[in-house]
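Only one structure is covered here, and it is reproduced in the block below.
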Amino acid sequence: MNGTQLVKALGMICLLAGVARIGMTPTSIVWGTDSPQELTFGFIACVLMSVGTIATYMVQARETGWIGFATTLAIIIGNIVTTAMVWSAFATGDPSVIPEGAFVSVSRLLNMVGLMGGTLVFAVLTFRANVFPRWVAGLLVLMILGAFLPVEDNKYFAFFWGLAYVGMGYCIWAGKLNVSPARNDSGASVSR
């Protein structure tokens, strides 16, 4: 597998992660928050996002630099922590039981800073890099704004989060990136 195929495969993983994350919203509405159905979609989305998010950096590495890498890493770590939190809900057998303690508090803080802070900075970098179409940066901002909707249990946040990943994944997989002369046909940065 060459670099172009790897980037496209990771783009497809992003797209599938977004679809899985979107699946959390209807399952939450139908079966309730923290239902096994919703958590299953959430767990699948977390695992796929933990793997596929690196593609969102790979296609714009030259434009976003080390800050882009740091924010991507923060988002990946946030997804990994979320994966662990969702798995713990499965492992306890009762998702309504909320674990407590210093480790859990630090994990939640790391999760929020990594995902929300990383996504906000990443959205700005993505807009400035102009590799993805501008609407992708808009979807990332919409995701953050979706977290503040006044809806019980924030059921629609997962929809906006997934929509951002579907948009990024589609652009990577379908090659719908703004390509400059210093890039190869996949959109992945080439060395200077």
Side-chain angles (χ1 to χ4, degrees), residues 9-57 71-123 126 136 138-173:
L10 289 170
M12 178 53 76
I13 290 172
C14 276
L15 194 151
L16 294 173
V19 170
R21 185 68 69 192
I22 288 171
M24 290 179 67
T25 296
T27 54
S28 173
I29 292 169
V30 172
W31 288 286
T33 301
D34 292 335
S35 64
Q37 295 85 354
E38 181 197 22
L39 292 176
T40 300
F41 272 102
F43 184 75
I44 293 167
C46 287
V47 170
L48 293 174
M49 285 179 172
S50 296
V51 173
T53 299
I54 192 66
T56 64
Y57 169 72
T71 57
T72 303
L73 190 59
I75 293 168
I76 290 170
I77 290 170
N79 277 309
I80 291 169
V81 171
T82 304
T83 305
M85 293 166 77
V86 172
W87 180 254
S88 70
F90 276 125
T92 61
D94 186 7
S96 64
V97 175
I98 300 171
E100 296 181 22
F103 181 74
V104 174
S105 297
V106 169
S107 295
R108 287 189 182 137
L109 179 64
L110 183 65
N111 184 32
M112 288 305 294
V113 170
L115 285 177
M116 298 306 259
T119 300
L120 180 60
V121 174
F122 190 76
T126 297
V136 169
L139 289 176
L140 290 166
V141 171
L142 187 62
M143 171 201 149
I144 295 167
L145 294 175
F148 300 103
L149 287 175
V151 177
E152 181 186 359
D153 292 333
N154 212 354
K155 294 179 187 290
Y156 295 99
F157 173 67
F159 173 79
F160 295 115
W161 188 1
L163 192 60
Y165 269 78
V166 167
M168 291 186 294
Y170 172 74
C171 288
I172 294 168
W173 179 72

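We're numbering straight along the sequence, starting at 1. Because only heavy atoms are used, hydrogens play no part in the values below, and waters and symmetry mates are left out as well, while side chains stay in.
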**OP:** Kindly say whether Thr25 contributes a backbone atom to a donor-acceptor pair with the side chain of Ser28 at under 3.5 angstrom?
**Re:** no

Original post:
At their closest point, which heavy atom of Cys46 faces which heavy atom of Thr82, and how far apart are they?
Top reply: SG-CG2, 3.3 Å

Subject >> Atom of Gly52, atom of Cys14 and distance for their closest heavy-atom approach >> reply: O-SG, 2.9 Å

Subject >> Result of checking Val47, Leu48, Ile44 against Thr83 for side-chain contact (heavy atoms from CB on, under 4.5 Å) >> reply: Val47

Hey, what do you get for [atom1] ([X]) to [atom2] ([Y]), rounding to the nearest 0.5 Å?
X	Y	atom1	atom2	result
Asn111	Ile77	CG	CD1	11.5 Å
Met168	Phe122	CE	CZ	6.0 Å
Ile80	Ile75	CD1	CD1	12.5 Å
Met143	Phe159	CE	CZ	13.5 Å
Ser50	Ile13	OG	CD1	11.0 Å
Leu140	Thr126	CG	OG1	6.0 Å

Subject >> Residue list, ring pair (Phe, Tyr, Trp, His ring centres under 6.0 Å) with Trp87, at least two apart or on another chain >> reply: Phe43

Does a side-chain heavy-atom distance below 4.5 Å link [X] with [Y]?
X	Y	answer
Leu120	Met116	no
Phe157	Leu149	no
Met24	Trp161	no
Ile29	Tyr156	yes
Leu10	Ile172	no
Cys171	Val136	yes

Original post:
side-chain contact (heavy atoms from CB on, under 4.5 Å) between Lys155 and Thr33: does it pass, once the steps are laid out?
Top reply: CA-CA 8 Å; Lys155 294 179 187 290; Thr33 301; 3.1 Å; yes

Original post:
Any luck finding a side-chain donor-acceptor pair between Tyr165 and Thr53 under 3.5 Å?
Top reply: yes

